[in-house]
Each structure stands twice: as structure tokens, then as C-alpha cells.
Amino acid sequence: MELYKENQLKIYNSLTKSKELFKPVIEGRVGMYVCGPTVYSNAHLGNVRTFMFFDVVYRYLLHLGYKVRYVRNITDAGHLENDADEGEDRIAKKARLEEIEPMEVVQRYTVDFHNVLNNYNFLPPSIEPTATGHIVEQIEMIKEIMDKGFAYEVNGSVYFDVLKYNETGNYGVLSGRKFEDAIHNTRALDGQSDKRNPQDFALWKKADERHIMRWPSPWSDGFPGWHLECSVMSTKYLGEQFDIHGGGMDLKFPHHECEIAQSQTCSGVKPVNYWMHTNMLLLNSQKMAKSTGNFILPNEILTGENDILGKAFSASVVRFFNMQANYRSILDFSGEALEAAERGHAKLMEAVTFLDKIEAGATSTFDVQKWKQDCYDAMNDDFNTPILISHLFEGVKVINQIKEEKASLSSEDLAVFKNTVNAFVFDVLGLMNETSEGNNSEKLSGVVEMLITMRKEARENKDWALSDEIRDKLLALGIQLKDGREGTTFTVN
């Protein structure tokens, strides 16, 4: 039987501001859409935090046995500088500044985005559509919205009529903003805008003579509004109503609010059952953002080539650091926090490595079934990774007790314990055991094991001086030997 039938997953729904029991539209299948990057620059760590969390969501849903269609888009056109309807397209602006083609910008930063996610052990989404690959579908959705009377054309640009929509809909249902308050708090149009109301947003923008990225449409040569692409691609690949839509909390308004209005206008039903939003990543106690220069790139952490951290850190440590905080909580990034995460990660991986060497005992001194259920309960409670990690460290304590011959697990319990640890550490959290891969660690392990064998022979020959010399010299190099019933193991500090 699939695990999802045994587990009651609850998700905090940004739409209802409460945790709700997860019931997919189609039993056993999940449709999930996550807003991807606008590829005009490198993704910083704050951006990656959102994608990393939804990678864990994807992994856990797969672990539970769901068939998941995970769609994460690439915005390669239509995203204006101020996230609204004015200014220059971000990609076109970058192309103009660097004197290259816009699609060169797109290619460069799409490749960089994929490299970062590969380095950090992300699973690829099921589908990764692009805005430019769906221009035809976007034009068709605009036509449908106009035919229903919820959009108007002025001077070659098309705008969504929020006031008209709000007669029967609720623009603000996700963000909690009241339309009446928005009207009072918005300054009047200055006469230069084509909009009827300040709250209206662009579905299609007419391109001026300098704008490189343009496509023909019934209204003008131009480009689609930023909000439109996600409505088009989510409904195309997941249907008019699907299960989960995710993104950073900064997208809640206006982007996701506009998506709801567009999609619901066309289908007549609420497009998404569960809206999920991640919170901010701080650096120097301020929001990480390219616009302020307060950011660090993910690959700069791996190389150590930055002005913020004192050394390089592994991708798995960064994943572990991120998972120590709830996704709806603000997370503060610092070198001290990463070093603490590195120590915790090392303890976890040391225990996981030793787990393979454990032999079953006659009885169990630890309630494995309850512990296993605790792990699932943590993830079933809105993907609570910090609580899951705390339970995994309960498991680490048991492993260390077994190593010291103070605890034991029966054959059946040991098998369950091993499977559960490996499932949550590697399959769900996506961590990597770097003690046994990369950085010549296999060669290091071979050399240390050879010295352990030499030390064992010295001890058998009662050559205590040589035995102690091997141990002390390894310790001086940061390699600590630990003698136990199962033999001698080592850790690298």
C-alpha cells in the first residue's frame, strides 16, 4: 500500500491562513506549480531557499508514493523592472547594457541556474516551460479574458479590468488586501497611463521601437505581461484546478493575486487548492536582494570566494542549514550559523556512515516504530523539517549508544531503522554524505584504514608505542580513531 494512504499530510494554505488536510484533486496524483526564476542574472541564495524547500516537498510527495507532475517555469520575457507595468523588461535591459542578444542573456543565466541546482542536489521538475515558448497560448488567454469583458485594449496594450472583476470576484483574496483600501491608498493616474484604474495590470504591452523582444498579436507587436505566463502554463500542464502552487512570499501580491484573477476569469473555478509561500532569507539582518547588493551566490559558498564567509562550505551543509528552519520562518544567514550547521551535519553523517556497520542484537532497547512515526508526523505537519531533524538526531544518539554497546536493535527493528534514516536523510531532505565521496575521501579512507590495520597488528604484538604513535599522529592531522566492539572507526574533524 502506498505510504500516502497511511499518512495524513497537512499543508498551511496561504489562501485560508490555516493548516488543512491535503486532498489532491485526483487521488494518488499531485499537480504542483512553482514560480521559477527570471533569467536576467544569477540566482542568489535567497532565491534558492524557495526552490530548495519545494525540492523537499517534491521529494516527500514522491516518497509517499504520489505520482507528481512538478512544473517550474522559466521567465524569459515580460518581467518589467518594477514587477508591475512600467519600466524596461529586465532581460532586454541586461542585453542592452551588455550589448548582446536577449536570448544570450536567457541562455547564460538559465545554464547558471541549472548548474546551481545540480550542485545542490535538486531533483529536476517534471516540466520546465518558458514564457517565450507559450506566446501563442498567452495571446489566446488574453482573447478569452477580453471576450468575457474583463480586459480592454488601449493604444495596442491590453489591461485586466480589476474593478470589473471585483464585481463578482475578490481581488485580494490571497494577500488579504481590500480593494477599497487599495483605491484610497493609490495616487491618481497622471494622464500618461493608458489604464482606466491604477489597480489594473497589463496582459499585453505594446513594444516601443527600442524594444527587442516582441511578437505579433491582434493588438500590436509587443510582449505579454509577467503575470500571464504562470496562469497559462499552470493550467496547460496541470488543468484548470490543481493542487499546489508555490513561491516566495514576495510573489503573493501582485503576482499570485493576478494569477488567481486571470485563471478564475477563464475557468470559473478557483485555480489552486493549496497556496504555499516561503519566507525571507536574511543577510546582515536584512533581506537578501540583488537590488540592494545584500546577497551571496550559492556557488560562492562552495568555493569560498566571497567577502562574507571565512571559508568554503559544502552544498549538503547549506541544505542542512536551510532545513533547520521552518519554511514559513525568517532565516538569518551568517558564517557562524553555517559553521554550527556544519558541525551538526558532520555528526549526522558520521552516524549514518556507522549505521551500515551495525549488527543486530537479540532485543531492542529503543522503540523504533514510535520514532519512525514521529519522523513522518513531523513531515506530515506542513513539512516541518526542523522537527524531523530533531528526531533524526534522536536516531544519532541511538547509533552512538549502540557503538558504545549501551543499546541494541533486533534484526527487524534494525532494518526498519536503517531504511527510515536513509529515506529521510537522503531521499527526502536530499542531503549528501560527503564523508565518503568527493575531495579524495576514498583515497583518504583507504590510507586511514591501512594505518588502522597497522595499529591493530602493533597492538596484537603488544607494541604499544607504535600503536599510540599512529593514533596520536592521526589525531594531530584531525583524524580521530574510536575503538569499539565492531572494530576501530574514524572521524575527520
Side-chain angles (χ1 to χ4, degrees), residues 10-20 34-38 41-58 60 72 83 116-117 120 122 174-177 244-257 274-298 300-301 306-309 313 315-345 378-379 381-390 392-393 428-431:
K10 289 185 178 180
I11 295 177
Y12 182 86
N13 192 344
S14 297
L15 192 64
T16 62
K17 314 296 187 293
S18 63
K19 290 181 185 178
E20 300 177 359
V34 174
C35 290
T38 301
S41 65
N42 305 101
H44 61 65
L45 188 64
N47 305 135
V48 171
R49 182 194 183 189
T50 291
F51 302 129
M52 190 175 290
F53 167 69
F54 285 106
D55 180 62
V56 171
V57 171
Y58 183 33
Y60 188 59
R72 186 185 65 218
D83 292 352
V116 167
L117 268 52
Y120 280 82
F122 280 63
L174 180 64
S175 61
R177 300 192 182 198
I244 299 171
H245 194 314
M249 65 179 297
D250 56 319
L251 297 181
K252 192 181 292 186
F253 187 90
H255 185 53
H256 289 161
E257 203 75 74
Y274 303 88
W275 286 89
M276 301 181 69
H277 293 91
T278 59
N279 213 323
M280 293 182 295
L281 181 66
L282 302 184
L283 176 62
N284 300 322
S285 300
Q286 296 186 9
K287 180 183 177 181
M288 198 174 289
K290 281 286 185 66
S291 58
T292 62
N294 189 53
F295 67 91
I296 187 170
L297 300 180
E300 290 177 340
I301 301 172
N306 60 79
D307 298 326
I308 298 168
L309 304 174
F313 292 88
S316 191
V317 166
V318 178
R319 280 190 76 106
F320 184 74
F321 162 75
N322 273 278
M323 295 307 130
Q324 285 182 301
N326 186 281
Y327 75 95
R328 290 188 286 117
S329 300
I330 292 174
L331 178 59
D332 206 347
F333 177 87
S334 67
E336 293 79 7
L338 268 188
E339 287 175 5
E342 186 177 52
R343 291 191 293 272
H345 180 272
M379 287 301 289
D381 183 18
D382 193 33
F383 309 96
N384 200 329
T385 55
I387 300 300
L388 170 63
I389 288 172
S390 72
L392 289 175
F393 273 93
V428 175
L429 294 180
L431 302 179

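Atoms considered below: every heavy atom in the structure, side chains included; atoms not considered: hydrogens, waters and symmetry mates.
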Is any side-chain heavy atom of [X] less than 4.5 Å from a side-chain heavy atom of [Y]?
X	Y	result
Phe54	Thr50	yes
His245	Val34	no
Met249	Ser14	no
Leu117	Asp55	no
Met280	Ile330	yes
Leu431	Met323	no
Tyr12	Met276	no
Leu45	Leu283	no

Looking at [atom1] of [X] and [atom2] of [Y], how far apart are the two atoms once the value is rounded to the nearest 0.5 Å?
X	Y	atom1	atom2	result
Glu257	Leu251	CD	CG	12.5 Å
Ile11	Ile244	CD1	CD1	4.0 Å
Leu331	Asn279	CG	CG	9.5 Å
Ile296	His44	CD1	NE2	11.5 Å
Phe295	Asn42	CZ	CG	8.0 Å
Met52	Asn47	CE	CG	11.5 Å

Check your understanding: Can you tell me if NZ on Lys10 sees more than 12 non-hydrogen neighbours from other groups inside 6.0 Å?
Key ->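 No, NZ of Lys10 has 12 or fewer neighbouring heavy atoms, counting only those of other groups under 6.0 Å.
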
Exercise for review: Give a yes or no on whether the backbone of Met379 and the side-chain of Asn384 come within a donor-acceptor separation of less than 3.5 Å.
Suggested key: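 Checking the backbone N and O of Met379 against the side chain of Asn384, no donor-acceptor pair under 3.5 Å is found.
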
Which atoms form the tightest heavy-atom contact between [X] and [Y], and what is the distance?
X	Y	result
Ala378	Leu388	CB-N, 3.5 Å
Ala43	Pro298	O-CD, 3.2 Å
Lys290	Ser41	NZ-OG, 3.2 Å
Val56	Leu429	CG2-O, 4.2 Å
Ala325	Pro386	C-CG, 3.4 Å
Cys35	His256	SG-NE2, 3.3 Å

Point to revise | Counterpart residues, salt bridge (charged side-chain N to carboxylate O under 4.0 Å, His left out), relative to Lys19 (two or more places apart) | key: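 Lys19 satisfies salt bridge (charged side-chain N to carboxylate O under 4.0 Å, His left out) with Asp381 only.
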
Review point. Is the centre of the Phe333 ring less than 6.0 Å from the centre of the Phe321 ring?
Key: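 Yes, ring centres under 6.0 Å apart.
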
Exercise for review: Could you give me the CA-CA distance, side-chain angles and deciding distance for Val318 and Asn322, then say whether side chain to side chain contact (heavy atoms under 4.5 Å, CB included) is met?
Suggested key: CA-CA 6 Å; Val318 178; Asn322 273 278; 3.7 Å; yes

**Study point:** Tyr60: partners by side chain to side chain donor-acceptor pair (under 3.5 Å), with sequence neighbours left out
**Key:**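 By the side chain to side chain donor-acceptor pair (under 3.5 Å) rule, Tyr60 matches Asn380.
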
Point to revise | Residues which pass side chain to side chain donor-acceptor pair (under 3.5 Å) with Asn326, listed by chain and number, not counting sequence neighbours | key: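 In terms of side chain to side chain donor-acceptor pair (under 3.5 Å), with neighbours along the sequence ignored, Asn326 is linked to no residue.
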
Check your understanding: After noting the C-alpha distance and the side-chain angles of Thr385 and Phe53, does the key distance pass the side chain to side chain contact (heavy atoms under 4.5 Å, CB included) rule?
Key -> CA-CA 9 Å; Thr385 55; Phe53 167 69; 5.6 Å; no

Check your understanding: Between Ile301 and Tyr120, is a side chain to side chain contact (heavy atoms under 4.5 Å, CB included) present by the stated rule, with each step listed?
Key -> CA-CA 11 Å; Ile301 301 172; Tyr120 280 82; 4.0 Å; yes

Exercise for review: Taking the six-membered ring of Tyr327 (Phe, Tyr or Trp), confirm whether the NZ or CZ of Arg49 is under 6.0 Å from its centre and within 45° of its axis.
Suggested key: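 The answer is no; the distance or angle limit is not met.
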
Check your understanding: On the ring face of Phe253, is Arg177 found with NZ or CZ under 6.0 Å from the centre and within 45° of the axis?
Key ->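 Relative to the ring axis of Phe253, which defines the angle, Arg177 lies inside both limits.
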
Exercise for review: Test Thr292 against Gln286 for side chain to side chain contact (heavy atoms under 4.5 Å, CB included), laying out the working first.
Suggested key: CA-CA 10 Å; Thr292 62; Gln286 296 186 9; 5.8 Å; no

